[in-house]
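The structure appears below as structure tokens.
We name chains A, B, ... by the order of the sequence lines, and we start the count at 1 in each one.
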Amino acid sequence: MNKFSKILGVTAAAALVASPLLAQDAAAPTEASRDTIFIFNSLLFLVGGFLVFWMAAGFTMLEAGLVRSKNVTMQLTKNVALFSLAAIFYYLIGYNLMYPLGSWTIGTDDTGGYLGAFGPALLEAVGITADEADDIGYASTGSDFFFQLMFCATTASIVSGTLAERIKLWPFLIFTIILTAFIYPIQASWKWGGGFLDSQWGFLDFAGSTVVHSVGGWAALAGALILGPRIGKYTKDGRTVPFLGSNLPLATLGTFILWLGWFGFNGGSQLAMGTVGDVADVSRIFANTNTAAAGGAIAALILTQILYKKVDLTMVLNGALAGLVSITAEPLTPGLGMATLIGAVGGVIVVFGVPFLDKMKIDDVVGAIPVHLFAGIWGTLAVLLTNGDATFAGQIVPIIIVAVFVFVVSLVIWLILKATMGIRVSEEDEVTGLDTAELGMEAYPEFTRG
Amino acid sequence: MNKFSKILGVTAAAALVASPLLAQDAAAPTEASRDTIFIFNSLLFLVGGFLVFWMAAGFTMLEAGLVRSKNVTMQLTKNVALFSLAAIFYYLIGYNLMYPLGSWTIGTDDTGGYLGAFGPALLEAVGITADEADDIGYASTGSDFFFQLMFCATTASIVSGTLAERIKLWPFLIFTIILTAFIYPIQASWKWGGGFLDSQWGFLDFAGSTVVHSVGGWAALAGALILGPRIGKYTKDGRTVPFLGSNLPLATLGTFILWLGWFGFNGGSQLAMGTVGDVADVSRIFANTNTAAAGGAIAALILTQILYKKVDLTMVLNGALAGLVSITAEPLTPGLGMATLIGAVGGVIVVFGVPFLDKMKIDDVVGAIPVHLFAGIWGTLAVLLTNGDATFAGQIVPIIIVAVFVFVVSLVIWLILKATMGIRVSEEDEVTGLDTAELGMEAYPEFTRG
Amino acid sequence: MNKFSKILGVTAAAALVASPLLAQDAAAPTEASRDTIFIFNSLLFLVGGFLVFWMAAGFTMLEAGLVRSKNVTMQLTKNVALFSLAAIFYYLIGYNLMYPLGSWTIGTDDTGGYLGAFGPALLEAVGITADEADDIGYASTGSDFFFQLMFCATTASIVSGTLAERIKLWPFLIFTIILTAFIYPIQASWKWGGGFLDSQWGFLDFAGSTVVHSVGGWAALAGALILGPRIGKYTKDGRTVPFLGSNLPLATLGTFILWLGWFGFNGGSQLAMGTVGDVADVSRIFANTNTAAAGGAIAALILTQILYKKVDLTMVLNGALAGLVSITAEPLTPGLGMATLIGAVGGVIVVFGVPFLDKMKIDDVVGAIPVHLFAGIWGTLAVLLTNGDATFAGQIVPIIIVAVFVFVVSLVIWLILKATMGIRVSEEDEVTGLDTAELGMEAYPEFTRG
């Protein structure tokens with residue numbers, strides 16, 4: 001069946017004939033019923049949520065592909081474990097800390113909320129009626145929890161890439177617990193829980209260029225500074241030694257997975273799909289998200305060709321991801337052209353950001369800081385380009401507040417972990433590779449050269 | 001847009017203004033219309049179905065990652081072929097054998113159904129009206145068929161992992177045909193087709209801890225016993241030689257795919273999404289399924305650290321899968337905390353189940369028996385913890401009946417296959433690897449050492 | 001919850017009690033409301049669209065698995081880049097060229113449209129009301145754009161596989177731009193934009209066996225002819241040297257991804273999901289699509305066993321894909337049995353088509369021409385088997401017109417590219433491998449032998 005037949009009315013007319021519109025009087029409902037809206041909204045969260053879940057696999061493949069083969073098993077282990085811990089601790093602590101629904105431990109809705117509520121997440125009972133729904137005008141609590149949990153886990157996934165190939169497993173996991181139980185939910189409550197960044201500053205961050213991506217970036221940056229670079233990455237005479245990713249198809253697969261998951265990440269953040277306006281907005285968001293990724297990839301493609309005379313695949317992949325991060329703060333209001341450009345700037349940021357970090361001797365194994373932090377800041381400021389409700393102060397001040405909070409708290413946690421249990425493997429273990437030294441299990445026991 | 005603005009009513013209020021609720025009198029419908037419910041239910045099956053389809057890829061990657069590289073092409077071939085055969089034979093025979101809709105060949109709905117109807121599946125005609133739907137109160141037959149088919153294929157996928165690295169291709173495929181055309185559908189009809197386990201025993205198995213997972217496990221166990229362990233797996237002095245998985249990123253990817261697919265597996269098994277209660281239930285199921293997987297993974301993580309002083313990634317992956325199997329019999333009634341614990345017990349079962357099988361000299365290449373059979377039994381019993389309608393006899397007796405039926409029939413089939421065409425490759429071929437010996441095609445021709 | 005309880009009315013009855021059907025008079029609406037239909041249709045495009053997006057990852061993995069390891073990075077780069085370019089140029093030029101909505105540059109709806117409209121795609125505004133929707137009887141423009149874009153990108157993906165391992169990056173990307181901005185949209189407008197193949201010939205091609213798959217195939221064939229075979233592929237004494245795929249698990253993963261994405265490809269092409277008839281049709285399509293893939297895989301499995309005495313995994317994978325292509329022109333009207341057979345013929349076509357091309361010394365690295373072109377033609381003709389509205393002339397003439405247009409234009413473009421910038425890497429670079437020679441980045445730097 002082609003679209004044209006629809007537009008010419010062949011099918012549409014048939015639908016009309018059979019529809020209540022003709023059979024009944026003008027008072028017949030044309031809009032979706034209350035329950036239908038509730039179901040559509042919940043469905044958006046369920047589908048969006050499983051797509052964002054899938055991003056956990058994307059980060060895992062991306063990172064497994066970009067580390068050296070001797071550290072792959074460890075990277076896989078960290079990613080499965082961090083997602084699982086995020087799931088448990090967001091349930092136990094994070095969800096209500098992020099969404100206190102007015103019951104702030106510190107602050108109020110009116111004067112500004114600062115610290116949410118404590119207590120585990122509680123879903124609606126089995127088989128509720130419409131009257132028993134927590135909020136019949138919104139969506140099922142279980143679908144909301146499922147969706148929001150995935151954002152928390154995404155934040156943790158960002159950190160693991162930067163710190164790969166030298167951090168010990170358990171301190172990393174302890175940091176993950178603190179990040180997903182406290183750091184992420186507290187700052188997210190300031191915006192998405194209706195806290196002071198939302199109520200006092202009018203901060204706009206649709207799906208989390210700042211609230212998710214820069215937060216992961218700041219936590220990763222703090223860790224990278226405390227942890228130091230990998231042995232041999234920066235020579236005494238100031239050169240940066242390229243450590244090659246061991247499996248680029250996996251890294252590419254990871255990028256495609258993330259790209260796919262981002263439709264849920266941004267599209268689901270519309271938080272509603274039960275009206276013509278909402279579903280059309282979700283559609284805009286899907287289209288904009290896609291084109292921003294394309295813009296980022298092509299910008300990196302062209303730029304690396306010009307700068308290095310050779311296209312750099314890892315830059316192209318990170319360019320696509322930076323395009324996605326860039327559009328995340330405002331995937332709705334730009335047109336397709338502007339969305340492409342916003343993404344393209346993200347791609348440019350990555351191409352310059354990666355060598356900049358190396359110049360600073362900050363060793364970010366997979367480029368997560370340029371992708372999620374630098375492009376996250378850009379994306380949050382880019383809201384000003386297309387959304388008339390955004391103000392410069394309303395964007396930049398929250399960026400700085402979140403930065404200071406996350407970076408300082410993360411720094412303190414990393415320092416405590418370093419002082420108590422140590423966060424870095426021994427020099428010998430790092431050279432051997434974490435897989436053999438820490439886990440006793442190679443990722444590719446039959447493949448790697450001697 | 002943040003959740004908070006929804007809750008404060010900013011958007012919700014706007015929706016109300018534009019909604020029929022205010023424009024019309026109190027009698028205006030608030031619930032979804034009959035057709036809308038039908039569409040939502042069908043959509044649940046379509047989305048759930050493609051997610052469960054995706055599990056076929058998950059099993060394939062998991063198994064390809066856990067076998068040695070010399071047997072990878074064969075494992076891939078078996079998985080693509082088994083899914084395809086399941087699709088065809090479930091259509092030709094299985095579907096109506098499983099869902100006779102009262103037309104039992106042996107038994108009746110009232111006295112207990114034992115053997116369903118024979119004949120290929122028949123979908124509704126093209127472009128039906130509501131009156132022509134097979135069951136306007138349920139969902140389209142095509143969506144139901146699509147969804148149910150995937151469960152049948154899942155059962156077959158479970159078997160291939162256990163028997164890897166030594167079974168011949170064609171006898172395995174013949175067993176697959178019998179499993180998907182007869183064994184799975186017949187026992188599934190006893191519960192999900194309304195047969196005697198459902199009507200006489202009140203057996204509760206929401207999405208198939210027993211009906212799907214343990215069935216795959218029993219069939220695999222019967223095969224493993226007849227087939228015997230791989231050459232060199234168990235030494236004469238009683239040691240178990242570890243045969244290392246050749247590609248752990250693939251195994252991890254497979255686990256993530258299965259985890260993703262399980263949202264469709266359990267969520268779709270609600271069988272309805274057109275009311276507030278149903279979609280809220282589906283949401284609970286998504287959240288519980290996720291946390292059970294997390295619980296299983298973390299339990300295996302901690303336990304292997306304690307027992308072996310090193311985290312074991314393959315145990316963590318199987319722990320997550322065991323968590324998923326454990327929650328499958330009742331993903332709805334537990335709260336999040338209980339679901340996490342039910343999954344965690346699954347993870348513990350795997351950590352002890354894998355060495356237990358080795359002690360018994362039962363060679364289960366990927367750990368499918370602990371994951372799907374042991375955790376499947378646990379999950380079926382765990383229904384008693386949270387579902388007041390479950391009785392101990394109503395759970396344990398069906399577990400035993402299904403066990404005896406599937407195990408004995410499978411054993412007989414494997415023995416017949418062994419006696420007639422032989423099921424095991426020659427010793428020489430096994431040492432060489434099935435890829436070169438049976439298929440003449442290496443999975444990684446450029447990678448593996450000499 | 002089991003299906004049986006639904007059918008016995010346990011849940012359905014509960015739903016009825018609570019439904020408007022009993023509470024109101026017979027005039028109460030049973031059908032979905034206008035807005036609900038609009039939302040369902042848009043949702044079909046969003047879900048279908050992200051599934052077809054996912055096919056880009058499928059092609060990438062398939063091709064990365066089937067080329068030699070020295071050309072993998074290049075193949076990954078081409079695939080990410082081609083998708084990104086397709087996204088941008090379909091937005092800038094392709095969409096309105098394909099869907100002029102009557103505003104033909106050459107032709108009219110009545111006399112036949114030949115060349116669509118020029119200008120970038122324009123989405124609906126943010127937060128539209130139902131009255132502001134471009135077509136309230138259809139779906140949101142953003143969702144339609146998103147969905148249709150993915151088909152355009154699919155066409156480009158087909159080309160990259162055939163031309164792998166010897167084509168230069170930039171000429172390939174320039175061809176991609178022309179293909180996605182002009183060639184694909186123009187010919188697609190002839191059918192799906194309501195142009196002359198639709199209005200004058202009554203051509204039937206539901207989801208694009210011709211409009212998408214054969215178009216990719218013809219463009220690839222033209223390229224392969226101009227480009228010539230890889231060095232050493234065909235010896236002087238007429239033998240074909242097998243060049244082995246470097247990573248068969250990736251190729252298998254790619255096939256599963258494509259299979260999954262095809263549910264969106266064919267199912268979404270119903271273009272509507274808001275009535276009982278439409279969702280039942282989408283369900284038929286899902287079931288038929290799946291069984292056609294299974295038929296193609298099993299046909300190739302059996303045929304290679306018979307012909308070569310060994311099952312050939314790459315033929316089985318391509319058989320499944322050919323089954324999918326075969327059912328794409330008409331996934332709705334066949335029953336399950338006929339759909340299986342139509343797919344099986346596709347599998348047979350591949351098994352004979354691959355060696356046929358080799359005999360012609362046309363070097364198609366991944367078998368894309370047999371899969372997408374040969375099976376695409378077969379699928380377009382197979383419409384005649386089950387759809388009474390199809391005529392032989394109405395199918396064969398459009399097949400030929402599209403063939404001539406795409407093949408000739410592609411040939412000219414390839415020749416111009418060859419004459420101006422050159423399309424083939426140097427002999428030395430080809431032997432070295434494109435990854436090192438053109439990109440300076442190996443896909444598996446630690447794995448490959450010497």
Side-chain angles (χ1 to χ4, degrees), chain B residues 27 29 31 33-39 42 46 50 53-54 57 60-61 64 72-73 76-77 80-81 84-85 87-88 91 99 101 121 123-124 126-130 133 135 137-138 140 142-146 169 191-194 198 206 250 270-272 275 439-441 443-447, chain C residues 1-4 6-8 11-12 15 18-21 24 28-32 36 40 47 68-69 244 246-249 252-253 256 260 263 273-277 279-284 286-287 290-291 294 297-298 301 310-313 316-317 320 332-333 335-337 340 447-449:
Chain B
E31 293 169 21
S33 73
R34 183 200 61 187
D35 289 7
T36 299
I37 292 174
F38 182 90
I39 296 166
S42 302
L46 294 177
F50 77 62
F53 164 80
W54 188 223
T60 307
M61 293 300 110
V72 169
T73 305
L76 299 168
T77 306
V80 177
S84 302
L85 289 170
I88 293 171
Y91 147 59
Y99 291 117
L101 302 184
L123 306 183
E124 286 153 322
V126 175
I128 54 165
T129 63
D135 184 354
Y138 180 56
S140 73
S143 67
D144 180 74
F145 170 77
F146 181 74
L169 177 61
K191 166 62 192 158
W192 291 340
D198 189 60
F206 195 94
L250 280 192
Q270 174 72 8
L271 306 185
T275 65
L439 300 176
M441 186 179 283
Y444 309 102
E446 303 178 48
F447 295 176
Chain C
M1 199 181 294
N2 63 54
K3 182 190 171 184
F4 192 69
K6 292 279 178 186
I7 287 163
L8 285 182
T11 303
S19 88
L21 295 181
Q24 300 180 10
T30 51
E31 294 169 20
T36 300
F40 272 129
V47 173
R68 291 166 293 175
S69 63
L244 303 175
S246 53
N247 194 327
L248 297 189
T252 306
L253 176 65
F256 272 116
L260 172 59
F263 297 127
M273 190 176 63
T275 65
V276 167
V279 82
D281 284 358
V282 173
S283 305
R284 276 183 74 95
F286 269 57
N290 188 64
T291 204
I298 296 302
L301 183 91
K310 284 182 177 179
V311 168
D312 183 318
L313 173 63
V316 173
L317 299 178
L332 176 58
T333 52
L336 286 168
T340 310
F447 296 174
T448 43
R449 291 193 198 113

Heavy atoms, side chains only, cut-off 4.5 Å: are C:Ile298 and B:Ile88 in contact?
-> yes

Can you find a pair of side-chain heavy atoms, one from B:Val72 and one from C:Leu248, that are under 4.5 Å apart?
->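 The answer is no, as the side chains (C-beta and beyond) never meet within the 4.5 Å cut-off.
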
Answer with side chain, backbone, both or neither: which region of B:Tyr91 has an atom nearer than 4.5 Å to a non-hydrogen atom of chain C?
-> side chain

In Å and rounded to the nearest 0.5 Å, what is the [atom1] to [atom2] distance from [X] to [Y]?
{"X": "B:Leu46", "Y": "C:Phe263", "atom1": "CG", "atom2": "CZ", "answer": "10.0 Å"}
{"X": "B:Leu250", "Y": "C:Thr252", "atom1": "CG", "atom2": "OG1", "answer": "10.0 Å"}
{"X": "C:Thr275", "Y": "B:Phe38", "atom1": "OG1", "atom2": "CZ", "answer": "9.5 Å"}
{"X": "B:Ile128", "Y": "C:Arg284", "atom1": "CD1", "atom2": "CZ", "answer": "9.5 Å"}

Where is the tightest heavy-atom contact between [X] and [Y], given as atom of each residue plus distance?
{"X": "C:Pro249", "Y": "B:Met61", "value": "O-CE, 3.5 Å"}
{"X": "C:Glu31", "Y": "B:Ser33", "value": "O-OG, 2.9 Å"}
{"X": "B:Leu123", "Y": "C:Ala287", "value": "CD1-CB, 4.0 Å"}
{"X": "B:Asp35", "Y": "C:Ala32", "value": "CB-N, 3.9 Å"}

Closest-packed option against chain B by number of heavy-atom pairs under 4.5 Å, given C:Val311, C:Val316, C:Thr333, C:Leu244 | C:Val311

Among C:Asn290, C:Thr291, C:Asp312, who wins on heavy-atom pairs under 4.5 Å with chain B?
->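 Highest number of pairs under 4.5 Å: C:Asn290.
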
Does any heavy atom of chain B fall under 4.5 Å from the side chain of [X], the backbone, both, or neither of them?
{"X": "C:Phe286", "value": "both"}
{"X": "C:Thr36", "value": "side chain"}
{"X": "C:Thr340", "value": "side chain"}

Largest heavy-atom contact set with chain C, pairs under 4.5 Å, which of B:Gly142, B:Ala130, B:Ser84 = B:Ser84

Between B:Leu169, B:Val126, B:Thr129, B:Thr77, the one whose heavy-atom pairs under 4.5 Å with chain C are most numerous =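 With the most close heavy-atom pairs to chain C, the winner is B:Val126.
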
Would C:Ser283 and B:Phe146 satisfy side-chain contact (heavy atoms from CB on, under 4.5 Å), going step by step from the backbone distance to the final call?
-> CA-CA 8 Å; C:Ser283 305; B:Phe146 181 74; over 6 Å; no

Which is it for C:Asn247 and B:Tyr444 under the side-chain contact (heavy atoms from CB on, under 4.5 Å) test, yes or no, and what are the steps along the way?
-> CA-CA 5 Å; C:Asn247 194 327; B:Tyr444 309 102; 3.4 Å; yes

